[in-house]
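Single-structure report; data block below.
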Amino acid sequence: MKERKTLFLTQAALIAAVYVVLCVVFAPISYGEIQARIAEALMVLPYFTPAAIPGLFIGCLLSNVIGGSILPDVIFGSIATLIGAIGTWKLRGHRFLALLPPIIANTLIVPFVLRYGYGTNLPIPFMMLTVGIGEILAIGVLGSILLSVLLRYKGVIFRGGAAV
């Protein structure tokens, strides 16, 4: 039992760290009104392990703080990631449907943060379009590639539903 908790915490911490590193390395496209967060490709990880849920949430929260985001962005952007990660976990039996919750959560939540948090004077439907495109590129394209690679090596990397 103790080993499982340790494995869960280790996985969550590693996922959070990788998320933060990807946001920092790709900072010019990770923050702002029009963004394509490469780190969002990691949103496929709840497909394999529930440890990805807190890992992605904490990684997003920390990267938003490090990136200088305002408090509403830190809170609601991270909640969008949490909702998306939970949705991916719940849809893990459906390879392509599992990619939709993080795309939808961010597309619906982030534009309101941009408008009411940052005062961005663009129409919310337009920001939904731009955020949605960024999410489709990050999760739909890069995340799909990552998911395919991880599925190919699932027996090597993952045992019993947990990453090793």
Side-chain angles (χ1 to χ4, degrees), residues 7-67 69 73 76-111 113-114 126-164:
L7 178 62
F8 185 92
L9 289 172
T10 303
Q11 289 173 349
L14 285 171
I15 292 167
V18 172
Y19 190 101
V20 171
V21 167
L22 287 172
C23 283
V24 171
V25 168
F26 295 103
I29 60 171
S30 293
Y31 305 98
E33 295 168 9
I34 298 176
Q35 58 180 261
R37 248 186 209 192
I38 303 299
E40 288 288 295
L42 299 177
M43 292 299 294
V44 302
L45 295 178
Y47 186 91
F48 299 100
T49 176
I53 297 168
L56 291 164
F57 173 71
I58 292 167
C60 181
L61 191 128
L62 290 173
S63 67
N64 284 344
V65 169
I66 291 168
S69 300
D73 195 3
F76 293 107
S78 301
I79 288 172
T81 296
L82 179 62
I83 291 168
I86 291 169
T88 297
W89 170 251
K90 292 205 177 272
L91 291 173
R92 67 189 176 279
H94 308 281
R95 181 176 177 181
F96 296 105
L97 289 179
L99 302 175
L100 292 178
I103 294 171
I104 294 168
N106 281 291
T107 300
L108 293 177
I109 294 171
V110 172
V113 172
L114 293 173
F126 176 74
M127 289 188 287
M128 285 179 168
L129 178 68
T130 61
V131 170
I133 290 169
E135 290 296 307
I136 290 169
L137 290 173
I139 299 166
V141 176
L142 295 176
S144 288
I145 294 168
L146 178 61
L147 181 61
S148 294
V149 170
L150 291 175
L151 283 169
R152 185 174 298 145
Y153 296 102
K154 187 168 125 177
V156 177
I157 301 171
F158 299 96
R159 272 190 276 159
V164 176

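No experiment lies behind these values; they were computed from the predicted model shown.
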Would you name the heavy atoms of [X] and [Y] that are closest together and state the gap between them?
X: Cys60; Y: Gly77; answer: SG-O, 3.8 Å
X: Ala80; Y: Ala105; answer: O-CB, 3.5 Å
X: Leu146; Y: Ala41; answer: CD2-O, 3.6 Å
X: Thr107; Y: Ile103; answer: OG1-O, 2.6 Å

Quiz item: Given Thr81, which of Ile53, Leu61, Leu56 fulfils the side-chain contact (heavy atoms from CB on, under 4.5 Å) condition?
Solution: Leu56
Would you compute the distance between atom [atom1] of [X] and atom [atom2] of [Y] and round it to the nearest 0.5 angstrom?
X: Ile104; Y: Ile109; atom1: CD1; atom2: CD1; result: 11.0 Å
X: Tyr19; Y: Met43; atom1: OH; atom2: CE; result: 7.0 Å
X: Leu82; Y: Phe76; atom1: CG; atom2: CZ; result: 13.0 Å
X: Leu147; Y: Leu42; atom1: CG; atom2: CG; result: 12.0 Å
X: Ile15; Y: Phe48; atom1: CD1; atom2: CZ; result: 11.0 Å
X: Ile38; Y: Ile139; atom1: CD1; atom2: CD1; result: 11.5 Å

Could you tell me whether the side chain of [Y] reaches within less than 4.5 Å of the side chain of [X], counting heavy atoms only?
X: Arg92; Y: Thr88; value: no
X: Pro101; Y: Leu91; value: yes
X: Ile136; Y: Ile133; value: no

Exercise. Please list all pairs passing the side-chain hydrogen bond (donor to acceptor under 3.5 Å, both in side chains) test where one or both residues lie in residues 128-151, with sequence neighbours left out.
Key: Arg95-Ser148, Asn106-Glu135
Quiz item: Quick one: side-chain hydrogen bond (donor to acceptor under 3.5 Å, both in side chains) pairs with a partner in residues 20-31, sequence neighbours left out?
Solution: none
Quiz item: Which residues satisfy the side-chain hydrogen bond (donor to acceptor under 3.5 Å, both in side chains) test with Asn64, sequence neighbours excluded?
Solution: Arg37
Exercise. Applying side-chain contact (heavy atoms from CB on, under 4.5 Å), run through Asp73 and Val110 and close with a yes or a no.
Key: CA-CA 8 Å; Asp73 195 3; Val110 172; 5.7 Å; no
Self-check item: Flag, side chain of Ser63 to backbone of Gly59, donor-acceptor distance under 3.5 Å
Solution: yes
